[in-house]
Structures are given as C-alpha cells and as structure tokens.
2 protein chains.
Amino acid sequence: MANYEQLRLRNQLCFPLYVCSKEVVRKYKPLLDELDLTYTQYITMMAMWEHQQLSAKELGNILYLDSGTLTPVLKTLEKKGFVERQRSKDDERSLIISLTPEGNELQDRAAYIPEAMGKCIDMDLEDLKTLHRLLHKFMDTSIK
Amino acid sequence: MANYEQLRLRNQLCFPLYVCSKEVVRKYKPLLDELDLTYTQYITMMAMWEHQQLSAKELGNILYLDSGTLTPVLKTLEKKGFVERQRSKDDERSLIISLTPEGNELQDRAAYIPEAMGKCIDMDLEDLKTLHRLLHKFMDTSIK
DNA sequence: TTAAAATTAATTGTGTACAATCTATCTGAT
DNA sequence: ATCAGATAGATTGTACACAATTAATTTTAA
C-alpha cells in the first residue's frame with residue numbers, strides 16, 4: 001500500500017489553521033454571549049466601531065464575506081438594534097450600514113474582551129507576535 | 001469618543017486566523033471538486049487513509065468535530081461509496097468507519113493535492129514552517 | 001441615446017459547526 | 001442482579017459560508 005506522507009493531517013498547513021480558527025471562535029463564545037453577539041456579528045461590529053459607517057460592499061471587503069453571508073448578519077444586527085440599514089441616496093444599489101447609539105455603547109461593554117481572550121492563550125508574547133505577523137503575510141500574499 | 005485600539009480587527013489574532021482558514025479552504029475547492037469531496041469530507045478521508053478503520057468517536061477526536069457535524073459527513077461519504085458505517089459487535093453504541101476499495105483508490109487521485117496547494121501559496125518555506133510550528137503549538141497549549 | 005455590460009444586494013440551495021437534547025447501550029457499585 | 005451514571009451517536013435548531021442565480025440600478029460605449 002502506498003504511504004502518502006504528505007497526505008497526513010499533521011503535515012498539512014490547512015488543518016491546524018482550520019482547528020485553531022474554530023478553537024478561537026469557541027473560546028470567544030462565553031464572552032460574546034454576554035453581549036448577545038455571535039463571532040461573525042462581533043467582527044462586523046468591530047469593523048463598524050472602527051469606521052462608523054460603511055456600505056455593505058465595503059464591509060464585505062473588510063471582512064472577506066459575501067452578501068450571502070452578510071445580508072442575514074446585518075438584518076440580525078439591525079433587529080438587535082446595533083446598526084441601521086438604509087439605501088444610499090446617491091446609488092440605490094448600495095446599502096449603507098451605520099451604528100446606532102446602542103451599537104456605539106456596545107463598544108464599551110466589548111472593550112475588555114481582547115484582554116480576557118489574551119489570558120486564555122497560554123503562549124509567550126513573542127510567539128504570538130510572530131504568528132500574527134505570519135498570518136498577515138499569508139493573507140497579503142495568498143488572497144486574491 | 002473612545003478609541004479602543006485593541007478592538008481593531010488588524011490587532012486581533014482571531015481575525016487573520018479566521019480569514020486564512022477560510023481562504024485555504026477556498027483554494028482547495030477546485031482541486032477537491034475533481035474528487036467530489038468538500039473540505040470537511042477531505043480531512044475525514046485523510047484521517048481514514050491514515051488509520052484505515054476508526055470509530056466515529058476516534059474520528060471526532062482526531063478532527064476536533066462532534067457527532068452533530070460528523071454524522072451527516074459520514075453518511076454522505078457512505079453514500080458516495082468511500083466509507084462503510086457499521087456498529088461495533090463489541091459495543092453497539094460505537095460506530096465503526098472503514099474504507100471501501102473506492103475510498104482507498106481515492107487516495108491515489110488525491111496524492112497530488114498537497115503539492116498543488118503548495119504552489120498556490122507564495123510564501124517562503126521558512127515562514128511556512130514557522131507558521132506550521134506555531135499553529136501546532138497554539139493547538140497544543142490552547143485546546144482542552 | 002440607448003442597449004449592453006457592470007455593479008450591488010438579496011435569494012436559493014448545499015454543507016458544515018456546534019450547543020443542547022435524546023436514545024440506546026454499557027459499566028460499576030451496591 | 002440491578003439501577004444510577006456514563007458513554008456513543010443521532011437529532012434538532014440556529015447561524016454561518018459560499019456558489020450560483022436573480023433583480024434592480026447604474027455605467028459605458030456604440
């Protein structure tokens with residue numbers, strides 16, 4: 001029988017990426033539950049806190065999500081009162097997302113999350129910085 | 001207005017992990033389409049190629065997936081003729097997954113995928129090795 | 001000017017993920 | 001021997017993720 005060493009899970013890059021990504025989202029869950037946000041809703045709100053107002057298109061570019069994913073997320077966030085959705089006057093095709101006062105206030109309640117998450121990760125800072133740098137490098141060289 | 005630097009997407013570890021993971025899966029898609037496999041089905045088959053026979057429980061431990069995810073994946077792989085599902089004689093609770101001849105042959109057709117994927121990633125080998133090492137370290141220190 | 005092409009969201013369909021619950025089976029302590 | 005607890009999968013419900021298609025609007029080029 002052939003022994004395809006390169007087909008072993010432990011030798012792939014994809015698999016630890018996939019596992020680590022899911023694990024981080026899992027670790028966020030109890031923290032995000034208190035804000036009534038899912039992980040996808042959380043990163044959407046992070047983009048909104050940073051930019052205050054964005055079109056759905058711009059949001060998709062920032063988050064690497066298409067309208068099939070974003071449309072229901074934005075409708076949910078609107079239902080929760082954190083954002084408003086309205087068509088652009090300039091271009092009726094474009095959907096403008098803006099923060100509500102409640103959405104803005106949520107940022108205060110979210111402010112402790114990055115630090116709380118940091119405490120969950122038992123790796124030294126140097127490794128985390130390297131990991132962060134290499135992931136960004138991977139994104140920059142591999143996407144699109 | 002407060003400026004929560006640590007809440008910016010670019011300063012998170014979670015976000016590049018999430019984006020890179022999705023991006024890698026997206027890059028696999030055209031290669032896996034030829035095998036009639038999704039990414040989740042592919043890593044399941046990789047575990048099977050490595051072990052020949054596993055219980056659903058063991059598969060879940062290897063892949064970090066629970067029965068809610070695995071049950072439909074395994075039923076699909078059975079329908080495609082790549083694995084067999086049968087209850088253990090020793091313990092009726094346990095579901096034994098084994099490779100069919102077709103499932104085994106699929107490994108030959110999958111053998112070129114790791115190399116093809118490698119060519120899609122435009123990062124030097126040293127960085128990729130470091131990334132691989134740090135992701136495994138992250139998995140080992142952060143999960144469970 | 002106007003018809004074709006491009007752009008933006010929304011919709012549809014498939015396939016995960018995972019928490020929570022359920023069901024069947026097995027194990028162990030009395 | 002038996003029943004309480006543990007264990008293994010299956011099921012249910014919610015929420016993505018994304019490809020493909022659709023619908024509405026805008027842009028562009030003949």
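Every chain is numbered from 1, with letters handed out A, B, ... down the list of sequences.
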Starting at atom CG of A:Leu59, determine the distance to atom P of C:dT8, rounded to an integer number of angstrom.
14 Å
Identify the two heavy atoms, one from B:Ala47 and one from B:Leu54, that lie closest to each other, and give their separation to 0.1 Å.
O-CD1, 4.0 Å
Mind calculating the distance between CG (A:Asp33) and P (C:dA20) to the nearest angstrom?
9 Å
Closest non-hydrogen atoms of A:Met46 and B:Leu9, given as atom of the first, atom of the second and distance, are CE-CD2, 3.5 Å
State whether B:Lys75 and B:Glu78 are salt-bridged, where the test is any N-O pair (Lys NZ or Arg NE/NH1/NH2 against Asp/Glu carboxylate O) under 4.0 Å.
no
d(OH, B:Tyr28; C1', C:dG15) in whole Å:
19 Å
Taking NZ from B:Lys57 and P from D:dT7, how many angstroms apart are they, rounded to a whole number?
8 Å
Take the protein atom CD of A:Glu92 and the nucleotide atom P of D:dT26, then report the distance between them rounded to whole Å.
6 Å
So which atom in A:His132 and which in B:Asn11 form the shortest heavy-atom distance, rounded to 0.1 Å?
NE2-C, 3.8 Å
Can you sort out which residues in residues 93-100 of chain A have a heavy atom within less than 4.0 Å of DNA chain C? Ascending by number, please.
A:Arg93, A:Ser94, A:Leu95
Between P on C:dT25 and CZ on B:Arg87, what's the gap in Å once rounded to a whole number?
9 Å
Taking the side chain from B:Thr44 and the backbone from B:Thr40, do they hold a donor-acceptor pair closer than 3.5 Å?
yes
With under 30° as parallel and over 60° as perpendicular, where do the rings of B:Tyr42 and B:Tyr28 fit, or are they tilted in between?
tilted
Determine the minimum heavy-atom distance between B:Arg85 and B:Leu74, stating which atoms define it.
CD-O, 3.7 Å
Assign each of A:Lys29 and A:Gly68 the nucleotide of DNA chain C bearing its closest heavy atom; nearer the 5' end lies the nucleotide of A:Gly68
Could you give the CG-to-C1' distance, from A:Asp90 to D:dT25, as a whole number of Å?
13 Å
Polar side-chain atom of A:Thr100 near backbone of A:Phe82 as donor-acceptor pair, under 3.5 Å
yes
When all nucleic acid strands are considered with a 4.0 Å heavy-atom cut-off, which category describes A:Asp91: base, sugar-phosphate, or nothing?
sugar-phosphate
Using the closest heavy atom to pick a nucleotide of DNA chain C for each, name whichever of A:Ala56 or B:Ser88 lands nearer the 5' end.
A:Ala56
May I ask you to say what B:Thr40 touches in the nucleic acid, namely base, sugar-phosphate or nothing, with a heavy-atom cut-off under 4.0 Å?
sugar-phosphate
Sorted by number, residues from residues 69-80 of chain B placing a heavy atom under 4.0 Å from DNA chain C are B:Thr69, B:Val73
Exercise: identify the closest heavy-atom pair between A:Leu7 and B:Ala110
CD2-O, 3.9 Å
Atom pair distance, as rounded to whole Å: CD in A:Gln41 and P in D:dA15
7 Å
I need the residues from residues 10-21 of chain A with at least one non-hydrogen atom less than 4.0 Å from DNA chain D; give them sorted by number, or say none.
none
